[in-house]
There are 2 protein chains.
Amino acid sequence: MDREAFLLDNQLCFRLYTASRLLTQAYHPLLSAHGLTYPQYLVLLVLWEKDAQPVNDIARRLYLETNTVTPLLQRMEKEGILSRKRGREDARQMIVSLTKKGKQLQEQLSEVPHAVGCTVLCDSITPETVPGLNRMLDDMIAHLQTKPDAHEL
Amino acid sequence: MDREAFLLDNQLCFRLYTASRLLTQAYHPLLSAHGLTYPQYLVLLVLWEKDAQPVNDIARRLYLETNTVTPLLQRMEKEGILSRKRGREDARQMIVSLTKKGKQLQEQLSEVPHAVGCTVLCDSITPETVPGLNRMLDDMIAHLQTKPDAHEL
DNA sequence: GTTTTTTATATCGTTCACGATGCAAAGATA
DNA sequence: TATCTTTGCATCGTGAACGATATAAAAAAC
């Protein structure tokens, strides 16, 4: 058995997992001031780009399952950030639209992207290296998404 | 307001968040076959490197809070993977040790690192690019860890 | 040696994340 | 038209994550 392979320091996934959690924590004070969580912020990003989308489209855009997104949207509806209405053409669809409050949040959070951008900057994360890092992660995401099954043991 | 900054495609954090989730999903079939979750696998990686550690050390190694790790360890104890005993020197500490079953899991999971390693390989993730990616993520983690507070709005 | 503070862990409540399952509307097929 | 299948969303149960709080032991201060 290759004990090297089990070293935590050799685990790419652990780094991604940790970096993701810590960066989400960096968002926390900025978002919680407005009663938002990070996944809720992601939903807002999707809806700010294009309002009035069915649950399915939002979930696909975030690579999440609808059973994750539905309760999230229900909480946001209770907060008055968005509204959910059955589609007129297709009554199975639940069309999610921003309320006035949801739209106003974009202005109130206008400093967030820049603030977080500054927070991550360090020796190897710079405006020059981010595009390359983005490309690698996009490649990885596309690859993992098409292969939901890992290799069999 | 800079609408560009709000585009989902410009969000590094979203990529990390997604890549982390999808890669964890890739581990799922390999681990669930042995009744493990990914965070539980991380605990095992820590204990396989060094057995009999207090909760605090395990949590710090994983950059997690103890109130996340404690219930995780309790579930693993119930599964018979590890045991938890009060420290003799310091009775506040809870020393976590692998059981025979916990040690045997390392052999049973010996193919996991290689299998997952193969799964992530793609155009921009190769044996050559991984060290560089690791370095960037390590840098980012170290940086975020020392700065728990994001910039004020 | 008693009080105070710190440290190590645990408990509680809320919010994801997701597999499994349920249900009703839409579409396909007979 | 009646039946079958698919699709879109919801519900349920389990396991993280984490802020807030609690508790007991150890260490420090008095």
Side-chain angles (χ1 to χ4, degrees), chain A residues 13-14 17-29 31-33 35-43 53-60 62-79 81 84-96 145 148-149, chain B residues 13-14 17-29 31-33 35-43 53-60 62-79 81 84-96 145 148-149:
Chain A
C13 185
F14 173 58
Y17 163 81
T18 302
S20 168
R21 280 191 311 102
L22 294 182
L23 192 41
T24 300
Q25 286 175 31
Y27 274 95
H28 188 262
L31 297 179
S32 67
L36 291 173
T37 64
Y38 182 69
Q40 290 175 6
Y41 175 68
L42 291 180
V43 168
Q53 296 192 54
V55 173
N56 213 352
D57 290 17
I58 298 172
R60 260 211 317 278
L62 298 177
Y63 302 93
L64 289 169
E65 303 297 321
T66 61
N67 57 356
T68 297
V69 174
T70 291
L72 212 158
L73 295 173
Q74 288 170 341
R75 283 186 286 270
M76 293 175 80
E77 184 180 35
K78 209 184 298 181
E79 298 293 324
I81 296 168
R84 305 183 316 130
K85 294 195 183 72
R86 288 271 164 212
R88 280 192 311 284
E89 287 186 13
D90 188 336
R92 291 171 303 178
Q93 289 187 335
M94 197 63 124
I95 306 294
V96 180
Q145 221 238 332
D149 324 297
Chain B
C13 185
F14 173 59
Y17 164 81
T18 302
S20 169
R21 282 191 309 101
L22 294 182
L23 192 41
T24 300
Q25 285 176 30
Y27 274 94
H28 188 262
L31 298 178
S32 68
L36 291 172
T37 65
Y38 182 69
Q40 291 175 5
Y41 176 67
L42 291 180
V43 168
Q53 296 192 55
V55 174
N56 213 353
D57 291 16
I58 298 171
R60 262 213 315 280
L62 298 177
Y63 303 94
L64 289 169
E65 303 297 320
T66 63
N67 57 357
T68 297
V69 174
T70 290
L72 213 156
L73 294 173
Q74 289 170 341
R75 282 186 286 268
M76 292 175 80
E77 184 180 35
K78 209 183 298 179
E79 297 293 324
I81 297 168
R84 305 183 316 130
K85 294 194 183 69
R86 289 268 164 213
R88 281 190 310 284
E89 288 185 12
D90 189 337
R92 291 172 303 180
Q93 289 188 335
M94 197 63 124
I95 307 294
V96 180
Q145 221 238 332
D149 324 296

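Each chain gets a letter, A, B and so on, in the order its sequence line appears, and its residues count up from 1.
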| query | To the nearest 0.5 Å, what is the distance between CG (A:L62) and CZ (B:R21)? | reply | 8.0 Å
| query | Atom CZ in B:R60, atom CD in B:Q145: separation rounded to 0.5 Å? | reply |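 Reported value, rounded in 0.5 Å steps: 10.0 Å.
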| Validation row: A:L72, A:Q40 side chains within 4.5 angstrom (heavy atoms) |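 A side-chain contact exists here, since the closest heavy-atom pair is under 4.5 Å.
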Whole angstrom value for the distance that separates [atom2] of [N] from [atom1] of [X]:
X: B:L31; N: C:dA17; atom1: CG; atom2: C1'; value: 16 Å
X: A:L72; N: C:dA17; atom1: CG; atom2: P; value: 7 Å
X: A:R60; N: C:dC18; atom1: CZ; atom2: C1'; value: 18 Å
X: B:Q145; N: D:dC18; atom1: CD; atom2: P; value: 12 Å
X: A:R21; N: D:dA16; atom1: CZ; atom2: P; value: 13 Å
X: B:E65; N: C:dT15; atom1: CD; atom2: P; value: 19 Å
X: A:Q25; N: D:dA16; atom1: CD; atom2: C1'; value: 14 Å
X: A:L22; N: D:dA17; atom1: CG; atom2: C1'; value: 12 Å

| message | For A:R84, give me all partners under salt bridge (charged side-chain N to carboxylate O under 4.0 Å, His left out), at least two apart in sequence or on another chain. | response |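 In terms of salt bridge (charged side-chain N to carboxylate O under 4.0 Å, His left out), with neighbours along the sequence ignored, A:R84 is linked to A:E77.
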| query | Taking the side chain of B:T37 as heavy atoms from C-beta outward, which of C:dA25, C:dG19, D:dG15 is closest to it? | reply | D:dG15
With a 4.0 Å cutoff (strictly under), does any side-chain N or O of [X] reach OP1 or OP2 of [N]?
X: A:R75; N: C:dT14; answer: no
X: B:T24; N: C:dA17; answer: no
X: B:Q40; N: D:dA16; answer: yes

| said: Considering every strand and a 4.0 Å limit on heavy-atom distances, what is the contact class for B:Y17: base, sugar-phosphate, or nothing? | reply: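 Here B:Y17 touches the backbone only, sparing every base.
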| remark: Nearest heavy-atom contact between A:A91 and A:R86 is O-CD, 2.9 Å
| remark: For B:E79, the side-chain contact (heavy atoms from CB on, under 4.5 Å) test, sequence neighbours excluded, returns B:I81
| query | Between A:P39 and B:H28, who's closer to the 5' end of DNA chain C by nearest nucleotide? | reply | A:P39
Considering only nitrogen or oxygen atoms on both sides, find all protein atoms under 3.5 Å from nucleotides 9-11 of chain D and state each distance.
{"residue": "D:dC9", "atom": "OP1", "partner": "A:V55", "partner atom": "N", "Å": "3.3"}
{"residue": "D:dC9", "atom": "OP1", "partner": "A:M94", "partner atom": "N", "Å": "2.8"}
{"residue": "D:dC9", "atom": "OP2", "partner": "A:N56", "partner atom": "N", "Å": "2.7"}
{"residue": "D:dA10", "atom": "OP1", "partner": "A:R84", "partner atom": "NH1", "Å": "2.5"}
{"residue": "D:dA10", "atom": "OP2", "partner": "A:T70", "partner atom": "OG1", "Å": "2.4"}
{"residue": "D:dT11", "atom": "OP2", "partner": "A:Q74", "partner atom": "NE2", "Å": "3.1"}

| Parallel, tilted or perpendicular, as decided by the 30° and 60° cut-offs, for the rings of B:Y27 and B:Y41 |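 Tilted: the ring planes of B:Y41 and B:Y27 meet at 30° to 60°.
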